[in-house]
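Below you'll find the structure, written out as C-alpha cells, and then a few comments.
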Amino acid sequence: QACIEINHFEKFYGKCVEVFKGRKIPIRTKGTVFYVKRVHFGNSPFFGWSTNIGFRDETGRTFFTNSENLKVICQETAI
C-alpha cells in the first residue's frame, strides 16, 4: 500500500487535474492537487483501499474525491 501511495503522490501532487466522472463534483472541473491520502474502508487488509485527492480550483474552492474520478491534464508542478 505504501508503494501505491507514493505512486499516486508522484502522479497527482501539485499537478493540474480535471474531473471526468463522478456525481458530487461537476464534470470538467479543473484544479491543482494539494492533498493525497491513501484510506482504508472495511476489515480486510487486502481490499477496501482507495486514494482520496484534494484539489483547489481557480476560484479557491476546494474539492475532495477519489483518484479514479480524476485525470492529470498537465504534468508540470503548479505548486
Side-chain angles (χ1 to χ4, degrees):
Q1 297 304 325
C3 292
I4 295 171
E5 185 168 2
I6 292 169
N7 183 12
H8 282 168
F9 185 85
E10 291 175 349
K11 179 180 178 182
F12 289 107
Y13 189 79
K15 308 286 177 37
C16 303
V17 294
E18 179 180 17
V19 177
F20 73 95
K21 72 175 191 175
R23 60 186 178 85
K24 295 184 179 180
I25 302 173
I27 305 301
R28 292 187 294 277
T29 301
K30 298 176 183 175
T32 304
V33 174
F34 67 90
Y35 176 84
V36 179
K37 178 68 176 173
R38 193 88 174 136
V39 294
H40 183 256
F41 300 100
N43 297 327
S44 173
F46 304 107
F47 302 105
W49 289 91
S50 67
T51 303
N52 286 345
I53 304 289
F55 68 97
R56 188 173 290 117
D57 69 359
E58 61 275 352
T59 64
R61 293 183 301 165
T62 58
F63 301 96
F64 291 88
T65 188
N66 193 304
S67 63
E68 295 178 0
N69 296 338
L70 299 173
K71 64 180 176 182
V72 177
I73 57 174
C74 63
Q75 289 297 328
E76 55 273 357
T77 303
I79 293 178

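Predicted model only: the values in this text are computed from it and were never measured. Computed from heavy atoms alone, side chains included, the values below leave out hydrogens, waters and symmetry copies.
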Taking every heavy atom of F63 against every heavy atom of T29, the minimum-distance pair comes out as CE1-CG2, 3.9 Å

Besides V39, the hydrophobic cluster formed by Ile, Leu, Val, Met, Phe, Trp and Tyr side chains linked at under 4.5 Å, directly or via other members, contains F41

Rounded to the nearest 0.5 angstrom, the CG-CG distance for N52 and N69 is 10.0 Å

Do any N or O atoms from the side chain of K15 and from the backbone of K71 form a donor-acceptor pair under 3.5 angstrom? no

Residues K21 and E68: closest non-hydrogen pair is CE-O, 3.2 Å

| query | Between T51 and F9, is any pair of side-chain heavy atoms under 4.5 Å apart? | reply | no

Output for pair (I53 CD1, L70 CG), nearest 0.5 Å, gives 6.5 Å

Here the gap from E18 atom CD to I25 atom CD1, rounded to the nearest 0.5 Å, amounts to 12.0 Å

### Query
Is there a path from I73 to F55 through hydrophobic residues (I, L, V, M, F, W, Y) whose side chains come within less than 4.5 Å of each other?
no

Q | Any donor-acceptor pair under 3.5 Å from H8 side chain to C3 backbone | A | no

Here the gap from R38 atom CZ to I6 atom CD1, rounded to the nearest 0.5 Å, amounts to 11.5 Å

T32 vs R56 side-chain heavy atoms within contact, under 4.5 Å | no

Heavy-atom nearest pair, F47 first then H40, reads O-NE2, 3.2 Å

Residues at least two apart in sequence or cross-chain that pass ring pair (Phe, Tyr, Trp, His ring centres under 6.0 Å) with F64, listed by chain then number, are F34, Y35

